[in-house]
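The structure appears below as structure tokens.
Both ligands and their constituent atoms are indexed starting at 1 by order of listing.
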Amino acid sequence: MDRKVNYQKELDKTIDKITREGVIPTLFLHSCCAPCSSYVLKYLSDYFKITIFYYNPNISPEDEYRERVREQIRLINEMPVKNKVEFMEGRYEPEVFYEMAKGMEDIPEGGERCFKCYELRLREAAVIAKDRGFDYFTTTLSISPLKNAAKLNEIGLKLEKEYNIKYLLSDFKKKEGYKQSVELSKEYNLYRQNYCGCAFSKREALLREETVNNSKK
Ligand code: SF4
């Protein structure tokens with residue numbers, strides 16, 4: 001899809017349509033972590049019956065993965081929403097992620113490895129959403145300024161065709177979505193990690209920190 005497409009406007013159109021029709025569709029929402037999902041849940045739960053799908057085999061180490069799952073569940077339990085939100089945890093299978101990332105370990109965050117990582121997670125979401133009869137699937141990932149919304153939507157549309165399940169176009173960082181997610185994370189005292197999720201992004205974050213610390217000396 002064209003990089004200039006305004007994905008927020010596309011989402012607005014879908015929301016207008018379902019509101020006019022008076023329906024509340026089901027949405028299988030892949031989430032990477034509680035902070036990123038906070039704003040998306042607050043925003044979309046007025047219009048959709050959401051099931052949060054936590055499938056993130058990229059996250060390392062396992063303790064970090066478990067902590068993010070706990071925070072996700074806590075947020076769902078604590079945040080008031082119009083339409084009740086359900087939770088489903090996917091398989092934790094880091095070996096699948098490492099196999100996918102082979103040969104791309106040193107590509108900086110935001111490059112090809114990340115695009116494949118988006119697809120790995122979205123594909124699992126599409127397969128399960130189709131299997132369980134959801135109306136739509138999408139992901140919270142576009143809320144991060146570090147994530148490529150055009151690429152996420154391109155992958156989503158590709159999977160929509162492959163599995164015959166509607167992908168909800170979106171760019172959640174718009175309408176101050178990212179800022180609101182930071183505020184909600186403070187409000188619910190959510191654990192906010194300082195790296196994207198995989199061991200490679202953790203290494204990058206440590207290097208960034210070291211560079212900043214050295215420049216202060
Ligand atoms: S940096 Fe983030 S998006 Fe990129 S491969 Fe690692 S976990 Fe996936």
Side-chain angles (χ1 to χ4, degrees), residues 1 3 7 28-40 52-73 75 88-129 137-159 167-174 177-178 181-182 185 190-212:
M1 185 174 261
R3 277 186 169 271
Y7 300 103
F28 201 54
L29 175 62
H30 166 266
S31 170
C32 54
C33 60
C36 286
S37 72
S38 59
Y39 162 74
V40 182
I52 284 276
F53 179 49
Y54 199 89
Y55 175 69
N56 296 293
N58 50 316
I59 297 174
S60 168
E62 187 169 350
D63 285 355
E64 172 76 19
Y65 171 85
R66 300 277 161 224
E67 176 70 16
R68 293 194 197 188
V69 172
R70 272 194 298 275
E71 286 295 85
Q72 181 68 75
I73 294 170
L75 176 69
M88 185 192 296
E89 185 179 355
R91 289 183 298 249
Y92 181 54
E93 44 191 13
E95 65 288 354
V96 173
F97 170 76
Y98 285 116
E99 182 59 33
M100 177 284 290
K102 251 186 205 159
M104 295 189 283
E105 293 85 348
D106 295 326
I107 297 179
E109 185 174 342
E112 191 58 28
R113 186 190 68 236
C114 296
F115 299 160
K116 296 274 191 251
C117 180
Y118 303 166
E119 182 162 346
L120 174 69
R121 293 181 278 169
L122 272 172
R123 183 174 295 280
E124 183 78 356
V127 168
I128 297 178
F137 78 106
T138 196
T139 176
T140 61
L141 283 166
S142 68
I143 200 161
S144 163
L146 295 173
K147 300 288 183 299
N148 184 325
K151 198 73 194 173
L152 283 163
N153 284 295
E154 180 190 307
I155 294 167
L157 288 176
K158 181 177 90 166
L159 297 170
Y167 179 74
L168 190 67
L169 291 168
S170 43
D171 186 358
F172 294 116
K173 67 179 78 55
K174 295 286 158 68
Y178 179 68
S181 75
V182 173
S185 300
L190 296 174
Y191 162 63
R192 279 182 75 83
Q193 60 279 352
N194 67 347
Y195 67 104
C196 181
C198 65
F200 318 119
S201 61
K202 188 172 187 182
R203 189 179 63 197
E204 255 186 274
L206 283 172
L207 283 173
R208 266 198 307 272
E209 235 171 73
E210 265 175 42
T211 312
V212 172

Whether [Y] and [X] form a salt bridge (side-chain N of Lys/Arg under 4.0 Å from carboxylate O of Asp/Glu) is what I want to check.
X    : Y    : answer
R70  : E67  : yes
K158 : E119 : yes
D63  : R66  : no

Selection residues 196-206 - residue pairs positive for side-chain hydrogen bond (donor to acceptor under 3.5 Å, both in side chains), sequence neighbours left out
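Applying side-chain hydrogen bond (donor to acceptor under 3.5 Å, both in side chains) to every pair that reaches into residues 196-206, excluding sequence neighbours, yields D106-R203.
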Part of C198 with heavy atoms under 4.0 Å of ligand 1, whether side chain, backbone, both or neither:
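The answer is both.
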Which residue holds the protein heavy atom closest to [atom], what is that atom called, and what is the gap in Å?
atom                    : value
atom 5 (S) of ligand 1  : R113 NE, 3.2 Å
atom 7 (S) of ligand 1  : N58 ND2, 3.2 Å
atom 2 (Fe) of ligand 1 : C196 SG, 2.3 Å

Does C114 bring an N, O or S atom to within less than 2.8 Å of atom 4 (Fe) of ligand 1?
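True for C114.
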The single option from E93, H30, E89 passing side-chain hydrogen bond (donor to acceptor under 3.5 Å, both in side chains) against Y55:
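The side-chain hydrogen bond (donor to acceptor under 3.5 Å, both in side chains) with Y55 is passed solely by E93 among E93, H30, E89.
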Atom indices of ligand 1, in the order listed, that fall short of 4.0 Å to a heavy atom of [X]:
X    : answer
E109 : 1 (S)
S201 : 1 (S)
C117 : 3 (S), 5 (S), 8 (Fe)

Quick check on side chain to side chain contact (heavy atoms under 4.5 Å, CB included): which of C32, S31, P35 does Q72 satisfy it with?
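Passing option: S31.
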Compute whether any side-chain donor of one residue and acceptor of the other, for N56 and R121, lie under 3.5 angstrom apart.
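Distance-only check passes for N56 and R121.
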Less than 4.0 Å is my threshold; does some heavy atom of R121 fall inside it relative to ligand 1?
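Heavy atoms of R121 do come under 4.0 Å of ligand 1.
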